[in-house]
Amino acid sequence: RQRQVLSAHGIACFKDFEDGIARQTAEPVAGAVARLKAAEDYWRKVLTSLEADANSELRPRLKIGDVAPGFELMEARSGSKLSLSSLLDEGPSCIILVWLRHFG
């Protein structure tokens, strides 16, 4: 049945069919890959810039005894929101923040 269908369309064998598909899709796929790479490069630059801004020396550093700014983060294991103030309300503690970055 496959040979009859291929023959009806002027295709000698399945290998010729595959080669034809590869030729037709090679350029669009290469273009899509190039656009994806350009987008990835752009976002790497944006993230690098954001990281540089976040680490900027322009912001005053906290000193011993200063009150930390309030913030809320998502707890990694449960996904529930966790605020700095809720941790400090539990009593004296040492809070360590670890930032991980992943670019795939």
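We number each residue from 1, following the sequence as shown.
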**Q.** Residues D41, K37; criterion salt bridge (charged side-chain N to carboxylate O under 4.0 Å, His left out); working and verdict
**A.** CA-CA 6 Å; D41 290 344; K37 173 89 171 90; 3.0 Å; yes
Q) Is R23 salt-bridged to D19, going by a charged N under 4.0 Å from an acidic O? A) no
Q: Consider only side-chain heavy atoms of I, L, V, M, F, W and Y, link residues closer than 4.5 Å, and tell whether V5 and F14 are in one cluster.
A: no
Q. Are F71 and M74 grouped together when hydrophobic residues (ILVMFWY) are joined by side-chain heavy atoms under 4.5 angstrom apart?
A. no
Q) Just by modelled atom types, is the K45 backbone N or O under 3.5 Å from a matching donor or acceptor in the S49 side chain? A) no
(Q) Can a donor-acceptor pair be found, under 3.5 Å and without considering hydrogens, that links the side chain of S86 to the backbone of L82? (A) no
Q. Is there a path from L73 to L87 through hydrophobic residues (I, L, V, M, F, W, Y) whose side chains come within less than 4.5 Å of each other?
A. yes
Q: Could you tell me the separation between the OH atom of Y42 and the CG atom of L47, rounded to the nearest 0.5 Å?
A: 10.0 Å
Q. Side chains of S78 and E75: closer than 4.5 Å at any heavy-atom pair?
A. yes
Q: Output the distance between atom SG (C13) and atom CD (Q2), rounded to the nearest 0.5 Å.
A: 10.0 Å
Q. Any chance CD of E27 has more than 12 other-residue heavy atoms, nucleotides or ligands included, within less than 6.0 Å?
A. no
Q) Mind checking whether I11 and D16 have side chains closer than 4.5 Å, heavy atoms only? A) yes
